[in-house]
Structures are given as structure tokens and as C-alpha cells.
Amino acid sequence: MSSNILVINCGSSSLKFSVVNSQSGEQPISGLAERLGDAEAIVTIKTSNGNKLTFDISGGEHDQALETILNYLQQENLLDSIQAVGHRVVHGGEHFTASTIINEDVLNAIESCNHLAPLHNPANLIGIRSSQKLLNKVPHVAVFDTAFHQTMPAQAYLYPVPYELYQKEGVRRYGFHGTSHRYVSMALAEKLEKPLSSLNLISAHLGNGCSATAIKAGQSVDTTMGLTPLEGLVMGTRSGDVDPSLHHFLCTQTQMTIDEVNTLLNKKSGLLGLSGLSNDMRTLEQAASEGNQQAEIAIQVFCYRLAKQIAALAVPLGHVDGLIFTGGIGENSVSIRQRVLEQLTVLGFQLDPSQNELAGKSQLGLITQAGSTPAYVVNTDEEWMIAKDTQTCVTAGE
Ligand code: AMP
């Protein structure tokens with residue numbers, strides 16, 4: 001029987017899962033439980049032949065969603081092939097510099113980071129506890145979004161605020177999307193047949209959430225997200241960088257509460273806020289092509305700020321061996337890649353329009369001209385990275 005890893009990504013009312021073959025990386029079965037706790041809670045499973053099955057678990061929570069998933073795996077004779085479970089955990093604070101096998105100490109340390117990611121870590125813990133209960137014979141591994149960025153030097157992770165805020169409250173830049181940045185940098189080195197230790201890369205993960213990272217010899221040396229995933233680039237609904245006085249300004253000028261400003265910046269800003277139309281880049285590109293000026297300006301701000309941040313990330317690298325585009329927008333949008341690279345001639349990028357059209361379909365995903373600083377499209381695969389880490393941790397622990 002082949003050996004599989006169950007990868008779980010748990011949110012407060014959702015649970016994403018994937019069964020990953022630990023040798024081939026194939027993902028025969030995956031799915032999503034949504035609206036957990038609600039009367040409309042459902043589990044959707046994408047089967048190995050591409051069909052979609054939906055299970056109604058009205059009012060069901062994470063436990064029931066997992067039971068439904070595990071029953072299906074049992075029915076498909078796959079349950080016994082699960083050798084370990086890999087959990088995505090958003091915040092590992094300064095406790096975790098790498099993925100780790102979960103024990104009581106690890107659970108306590110994750111819980112001690114709850115205040116740093118109050119929307120995510122408690123939900124991740126619910127997923128871990130539920131699955132430990134139901135799959136109690138196999139090891140469980142935590143893979144952190146923040147761990148990859150723990151190699152950032154102090155000059156990159158400190159905010160210029162009183163130092164005791166770092167010492168007492170953990171106020172510093174942590175960075176996120178680490179699993180994706182690590183995966184695409186490793187995947188590119190493999191494609192280029194060069195050791196990762198010889199490469200200076202910038203990866204731009206552009207999805208609904210967006211971040212870019214400077215990666216020197218395989219290590220994160222700076223990134224755009226900070227204490228929370230709000231810092232940095234323009235995103236679907238998040239503003240990215242704004243003047244830190246904006247909170248005070250809005251609270252005094254409009255009588256918004258601090259929580260309302262926080263919601264505004266996280267849920268109503270970014271592409272959605274600027275366009276007044278959508279957080280979805282496809283929708284905005286379509287609208288802009290039909291003459292919608294607000295959609296066009298949202299795209300312009302997105303691309304200009306991204307180009308500026310990529311140029312800034314060249315500073316800790318000295319020179320750039322490659323820029324990676326990944327995530328839903330980075331992998332699919334020909335025009336966003338074009339707009340960004342055209343604003344980065346300072347770093348020596350020269351777009352090859354026909355290769356850009358082909359995107360990642362060409363062998364290396366190279367989208368720039370020969371002799372230029374290279375830019376590539378690399379499809380991310382966070383599930384595979386989590387499964388790989390899980391396998392490595394389990395093997396090392398045996
Ligand atoms: P992700 O969070 O990685 O799934 O990415 C979601 C984002 O990718 C959304 O803004 C989508 O509109 C965007 N996206 C997906 N496909 C395309 C496409 N073909 N062109 C432009 N944007 C796309």
C-alpha cells in the first residue's frame with residue numbers, strides 16, 4: 001500500500017484537506033469543509049477521478065467534518081495508508097524555526113502565540129486536537145507559515161519603536177506565506193539544476209493574500225508582511241502599507257472605533273476598497289479592459305507598489321539571480337507580470353512577451369529575454385511542502 005500524508009489547513013469555520021502521496025506528491029483526494037457550526041455546514045470532496053461529492057453535516061463542527069472525511073477515506077481503503085498528519089499553523093512566533101512533531105509542549109507553545117494570530121492559531125489548534133482524537137495512532141506535525149522567516153536578521157525584523165515592545169510584547173516583523181516562498185525557491189533551484197545555496201531570489205506570492213520575500217542561499221532575509229499579514233503589498237481586501245497615523249486619523253475624524261479601522265484595513269481595502277468592485281483580480285482585469293477606471297487604478301496601485309517592494313528586496317541580496325511569480329495572480333495573470341516587470345528595468349528585467357504568454361507552460365517558466373535578469377513563473381504547492389516536511393520530521397523522529 002502506498003504511503004500517504006493527510007494535510008490539514010483549519011480555519012475557524014472551514015477545514016481544507018488533501019491526501020498527498022509522500023513519494024510522488026500526487027494528491028488523489030482533497031476537499032473542503034465550509035460554514036462549520038452553521039446549519040448549512042457541508043463537506044465537499046474531490047475524488048480521485050475528478051468527481052465532486054458533497055456531504056451535508058448541518059450544524060456540524062470540525063470533529064464532524066473530520067469524521068466525514070475519514071469515513072470517506074475508509075470507504076476508499078485509504079485510511080490505513082495515512083502515515084502521518086501535517087497541519088498548517090499560521091503563527092509560530094519565535095518558538096519555531098522549522099516544522100516539528102506535535103506533543104503537549106508544542107501545543108502549549110502554539111497556544112502561547114494565539115495573541116499574535118487571534119483569528120488563525122486558535123482555529124489551527126482546533127484542527128490539531130480534533131484530528132489527534134480521531135487519528136491517534138499516527139504522528140502529527142506542525143508546519144508554520146512564519147518559521148521560514150525566522151532567519152531574517154534584526155535589522156529586517158525590528159520596527160523602529162521602543163525596544164522593550166519587542167522584548168515584552170513580541171512586537172516585531174514575523175512574515176507569512178513561508179511554506180509557499182520556501183517551496184517555489186526550492187522548485188526553481190531544482191528546475192535550474194543549481195544548488196539553492198548559490199542563488200539570490202525574490203519570490204512574489206500573489207494570491208488573495210500577497211507577500212514578497214528576499215531569499216539568499218535558501219534563507220529568508222527580508223519579507224513584506226510583518227507582525228500581522230496586513231503589512232506590505234496591496235492584497236485582495238487588505239491595504240498593505242499605510243501611514244501608521246491612519247488609525248488615529250480615522251478614529252478622530254470619523255469616530256470609527258479601532259476595531260472598525262482594523263476591519264476596514266483587513267476586509268474592505270486593497271483591490272476591493274480601491275476599485276469599489278471586487279477583490280478578485282480576474283474580475284478587475286475584465287472590468288478595466290471594458291473601460292472601468294476604478295478597476296484600472298486599483299490594478300495600477302497594486303502593480304506599482306509591488307514593483308517598488310520588489311526593488312527594495314534587492315537591497316539585502318546585492319544582486320538578483322531570479323524573480324519568481326507565484327499564487328493565483330502570479331501564476332495566471334499575463335498582464336500583471338508584464339506591468340510589474342516593465343516598472344523594474346532598474347533591476348535589469350526585460351520581458352519576453354511571448355514567453356510571458358506561455359507562462360509556466362514553458363519548461364523553466366522563464367518569462368524574460370536572454371541576457372536580462374531572469375523572472376520565472378513557478379506554481380506553488382503548499383500541500384506538497386507540508387507533506388514533505390511531515391515525512392521528514394517523522395523519519396527523523398523514528
Ligand atoms: P489564490 O489566493 O492563490 O487562489 O489567488 C486568487 C487570486 O488569483 C484572485 O485574485 C484571482 O482573481 C486571481 N486569479 C486566478 N486566475 C487568474 C487569471 N487567469 N488572471 C488573473 N487573476 C487570476
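This chain uses plain numbering: 1 for the first residue, then up along the sequence. Numbering of ligands and ligand atoms starts at 1, following listing order.
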Q.
Would you say H205 and S180 are linked by a side-chain donor-acceptor pair, where the criterion is simply a distance under 3.5 Å?
A. yes
Q | Numbering as shown, the atoms of ligand 1 that approach G207 to under 4.0 Å (heavy-atom distance) | A | 1 (P), 2 (O), 3 (O), 5 (O)
Q: Drop me the distance from F302's CZ to L274's CG, to the nearest 0.5 angstrom.
A: 11.5 Å
Q: Can you measure from CD (E169) to NE2 (H115) and round to the nearest 0.5 angstrom?
A: 7.0 Å
Q | Identity and separation of the nearest protein heavy atom to atom 7 (C) of ligand 1 | A | I329 CG1, 3.8 Å
**Q.** Option with minimal heavy-atom separation from atom 20 (N) of ligand 1, where the choices are M281, E382, R282
**A.** R282
Q: Run the ring-centre check on H140 versus H87 and record whether the distance is less than 6.0 Å.
A: yes
Q. Which of the atoms of ligand 1 are close to N208, meaning less than 4.0 Å from one of its heavy atoms?
A. 1 (P), 2 (O), 5 (O), 6 (C)
Q: Using a distance threshold of 4.0 Å (strictly less than), state whether atom 4 (O) of ligand 1 has a protein heavy-atom neighbour.
A: no
Q: Just need the protein heavy atom nearest to atom 17 (C) of ligand 1, so name the residue and atom and give the distance.
A: N332 CB, 3.4 Å
Q. Is the ring centre of Y174 less than 6.0 Å from the ring centre of H91?
A. yes
Q) Of Q294, Q293, Q300, which meets side chain to side chain donor-acceptor pair (under 3.5 Å) against E296? A) Q300
Q. Among protein heavy atoms, which lies nearest atom 12 (O) of ligand 1, and at what distance?
A. D280 OD1, 2.5 Å
Q: Measure from NZ or CZ of R173 to the centre of the six-membered ring of Y157, then state whether that distance is under 6.0 Å and the direction lies within 45° of the axis.
A: no
(Q) Is there a polar contact between ligand 1 and G328, counting only N or O atoms under 3.5 Å apart? (A) yes
**Q.** ligand 1 versus E285: contacting region, heavy-atom distance under 4.0 Å
**A.** side chain
